[in-house]
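So you know, we letter chains A, B, ... as the sequences are listed, proteins then strands, and number each from 1. Reckoned from all heavy atoms, side chains included, excluding hydrogens, waters and symmetry mates.
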Amino acid sequence: MYGFEMMTFNIKDGFLEAIVRGHRSGLLTVADYNNLSQCETLDDIKMNLTSTDYGAYLANEASPIYTANIVEKCTLKLVNDWNYMRSQADETLATFMDYCTYGHMIDNVVLIVTGTLHERDVQELLDKCHPLGMFDSIATLAVAQNMRELYRLVLVDTPLAPYFSENLTHEDLDEMNIEIMRNTLYKAYLDDFASFCQKLGGTTAEIMGDMLAFETDRRALNITLNSIGTELTREDRKKLYSNFGLLYPHGHNELAIAEDFDQIRSAMEKVPAYSGIFSKLGYGESQMLDKLLYEEEVKKCVDCFEQQFHYGVFYAYMKLREQEIRNVMWISECVAQDQKGRISDGIVYLF
Amino acid sequence: MAAAEKASSATDLDAAEREFVESLDTLQEYLQLQARLQDQLKQGLMNLARAKYSMGPIGQAQYDMDMKASVRVAVRSEGASTTCSGSRFGFEIQKQLPSATATAATAAARRSPQPPAAAVGRSNVVEKVAAADGIVRCTDDDLLDNDGDEDDGLSREEGEEEEGELKEANEFLRRMRMLLSGDGGGDVGGGGVGGGDGNSASSGTAESKMTRRLRRGGRNGGGGGGGGGGGPLHWFGVLVPPALKDAQSGFSAALETCLQLANTAQRMRPQLASSSAGAAEEGPAT
């Protein structure tokens with residue numbers, strides 16, 4: 001019953017909520033980012049990060065260190081924290097945490113299939129997969145030649161199986177098919193995740209409903225923006241939008257026919273929640289849009305922690321940690337390229 | 001006699017002065033090109049970082065092992081003699097086009113002395129500069145032409161032809177494997193992939209003819225990977241962020257600037273050598 005979670009939540013999930021709040025307090029602050037921005041080399045960045053939660057992961061990294069190494073070690077920290085919590089979660093929370101990782105699973109499937117199409121070595125591709133999205137039979141994705149085989153041979157035994165339709169085709173897997181598969185899987189996954197959260201009810205349903213609606217609207221916006229100038233038709237583009245969110249259905253109709261950034265802007269500004277974001281952008285300017293959307297997401301994630309006794313904090317922790325890794329990656333790239341003046345273009349402060 | 005000697009030395013001085021001024025102009029051009037190249041590379045790398053920020057890790061794991069160069073640099077040695085000692089080389093870009101397009105472009109060029117704008121835009125850069133002398137003096141107009149039309153044409157042309165016998169054989173083998181293993185169906189759950197929108201199954205299986213045709217083109221082009229601007233970009237996905245497209249165009253422009261730089265350096269060295277030789281002669285004379 002809504003509002004009565006405080007009576008029962010801590011019985012099974014209280015310990016893990018405390019753990020995730022502990023992890024949240026270890027996220028980098030403005031002072032940490034200021035220190036990182038003063039670094040002259042990547043080794044300086046490594047030294048600064050050793051005094052944070054990432055210390056144990058970066059301390060033994062040999063010089064010279066590269067941006068990819070820093071990102072890999074920071075990601076390892078997130079993966080270890082997540083696996084620790086997942087291994088101790090009860091059934092409902094475990095299912096919720098698994099849902100949080102299905103996005104990475106979809107990305108890994110696409111990476112393997114695309115890499116196989118380009119005749120890359122499977123082991124090399126497996127090394128590049130996100131650890132949170134791994135499953136047992138992932139290596140056998142390389143043998144599939146079309147969508148039907150992909151499903152029948154591999155994905156039927158994975159959590160992604162329900163996201164495939166009845167109408168699988170024998171069409172070969174090429175870049176366009178794979179991209180459409182990625183976005184269609186993601187659409188089905190978000191729909192399913194939202195419906196699971198609604199079934200949980202209570203504070204979790206309320207908070208996760210808002211977070212997932214934002215996620216699906218952001219995906220619709222990125223799909224529209226990235227498909228400008230490509231051969232993706234309006235009908236195919238519209239099929240990739242989810243069936244919920246603030247933009248559903250009228251915003252989706254307008255986005256489907258948008259041909260440039262200003263048309264996208266006029267569609268988004270009709271939604272009051274997003275008009276504030278677009279008012280910060282100049283006309284025709286789309287470069288800062290990513291950062292503004294991430295800022296909005298971070299704001300929602302931080303607000304999640306204001307309430308107790310719900311599962312949204314786990315999802316929010318994952319998103320905040322990923323944003324922190326993106327920040328560190330951006331700072332590292334700017335330092336490595338000697339463009340420290342551009343650091344502020346990409347950092348999204350969490351607190 | 002003395003007057004004739006005076007006149008010839010004045011002429012020599014004028015010629016030396018002209019050479020010196022030309023060498024300074026070339027040097028200035030070289031420095032400007034260097035600065036431009038630095039800016040282009042900086043901007044390209046920053047765009048790449050922005051693309052990583054938007055879409056996640058981008059790396060060599062996504063490269064196509066079957067990649068072929070879409071742009072090659074050809075070296076041409078100078079045919080005519082020059083006033084400078086030593087050989088001189090020119091560098092030019094050769095853009096690889098599918099055979100049908102190149103044949104059409106050549107046929108169109110043969111039909112009329114002034115080929116239409118579309119054929120000119122699509123023709124090989126080498127053909128365009130072949131009428132000039134052996135050294136390609138790459139100007140901004142020659143090198144920094146808009147590749148957008150070419151790339152669009154390439155991506156549409158690729159769907160209509162195979163790129164080699166090996167590709168045909170691979171395609172045939174793939175189809176045979178599909179036919180042998182693809183009979184009989186497995187029952188699958190409801191969802192979205194393959195059929196598109198679950199609400200309308202008939203419209204879900206039907207996709208626009210344009211997208212279907214381009215998928216076949218994408219399949220053929222994906223194997224080759226070297227077809228031009230669209231091909232390599234698709235290694236990272238079809239829906240890539242604008243930053244990645246900007247990075248690609250930035251690095252393409254940087255490549256052309258590199259060639260301009262090399263050609264300018266080739267022009268500059270003999271000019272500077274002759275200028276300093278002339279100055280050395282003048283020294284003892286005065």
Participant: Does B/M46 offer a backbone N or O that forms a donor-acceptor pair with the side chain of A/Q339 under 3.5 Å?
Facilitator: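 The answer is no, because no donor-acceptor pair under 3.5 Å joins these two groups.
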Participant: A/Q337 vs B/K42, test: side chain to side chain contact (heavy atoms under 4.5 Å, CB included). Steps then yes/no.
Facilitator: CA-CA 8 Å; A/Q337 293 178 29; B/K42 259 185 152 176; over 6 Å; no
Participant: What pair of heavy atoms forms the shortest contact from A/E175 to B/W235, and how long is it?
Facilitator: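 Shortest heavy-atom separation between A/E175 and B/W235 comes out as OE2-CD1, 4.3 Å.
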Participant: Start with the C-alpha gap between B/K52 and A/W330, add the side-chain angles, then the distance that decides, and say whether side chain to side chain contact (heavy atoms under 4.5 Å, CB included) holds.
Facilitator: CA-CA 9 Å; B/K52 283 186 199 173; A/W330 180 256; over 6 Å; no
Participant: Report which part of A/S227 has an atom under 4.5 Å of a heavy atom belonging to chain B: side chain, backbone, both, or neither.
Facilitator: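 Both parts, backbone and side chain.
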Participant: Sort B/A61 into side chain, backbone, both or neither according to what part of it lies under 4.5 angstrom from a heavy atom of chain A.
Facilitator: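 Looking at B/A61, backbone and side chain both touch chain A.
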Participant: Please check if the side chain of A/E179 supplies one atom and the backbone of B/G237 the other of a donor-acceptor pair under 3.5 Å.
Facilitator: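 No, the answer is negative, given that no donor and acceptor are paired below the 3.5 Å cut-off.
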Participant: For residues B/Y53 and A/E333, determine if any side-chain heavy atom of one lies less than 4.5 Å from a side-chain heavy atom of the other.
Facilitator: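 No, every pair of side-chain atoms sits at 4.5 Å or beyond.
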Participant: Show your working on side chain to side chain contact (heavy atoms under 4.5 Å, CB included) between A/N183 and B/L239 and close with a plain yes or no.
Facilitator: CA-CA 10 Å; A/N183 286 289; B/L239 302 179; 3.7 Å; yes
Participant: Does B/Y63 offer a backbone N or O that forms a donor-acceptor pair with the side chain of A/R120 under 3.5 Å?
Facilitator: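 Answer holds: yes.
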Participant: Any side-chain heavy atom of A/T230 sitting closer than 4.5 Å to one from B/K245?
Facilitator: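 Yes, side chains in contact.
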Participant: Does atom CG (A/D338) have a neighbourhood of more than 12 heavy atoms from anything else shown, all under 6.0 Å?
Facilitator: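 Atom CG in A/D338 is not crowded, with 12 or fewer foreign heavy atoms closer than 6.0 Å.
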Participant: Below 4.5 Å from any heavy atom of chain B, which atoms of A/E72 appear? Answer side chain, backbone, both or neither.
Facilitator: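 Contact with chain B: none, neither part.
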Participant: In the structure I gave you, are the side-chain heavy atoms of A/L111 and B/Q62 within less than 4.5 Å of one another anywhere?
Facilitator: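 When only atoms from C-beta onward are counted, B/Q62 and A/L111 do touch, with a gap below 4.5 Å.
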Participant: Identify which part of A/Y294 has an atom lying under 4.5 Å from any heavy atom of chain B, answering side chain, backbone, both or neither.
Facilitator: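 Side chain only.
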Participant: Supply the atom-to-atom distance A/E124 CD to B/Q60 CD, rounded to the nearest 0.5 angstrom.
Facilitator: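 One gets 8.0 Å once the value is rounded to the nearest 0.5 Å.
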Participant: How far does CG of B/L244 sit from CG of A/N226, to the nearest 0.5 angstrom?
Facilitator: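 Rounded to the nearest 0.5 Å, the CG-CG separation comes to 9.5 Å.
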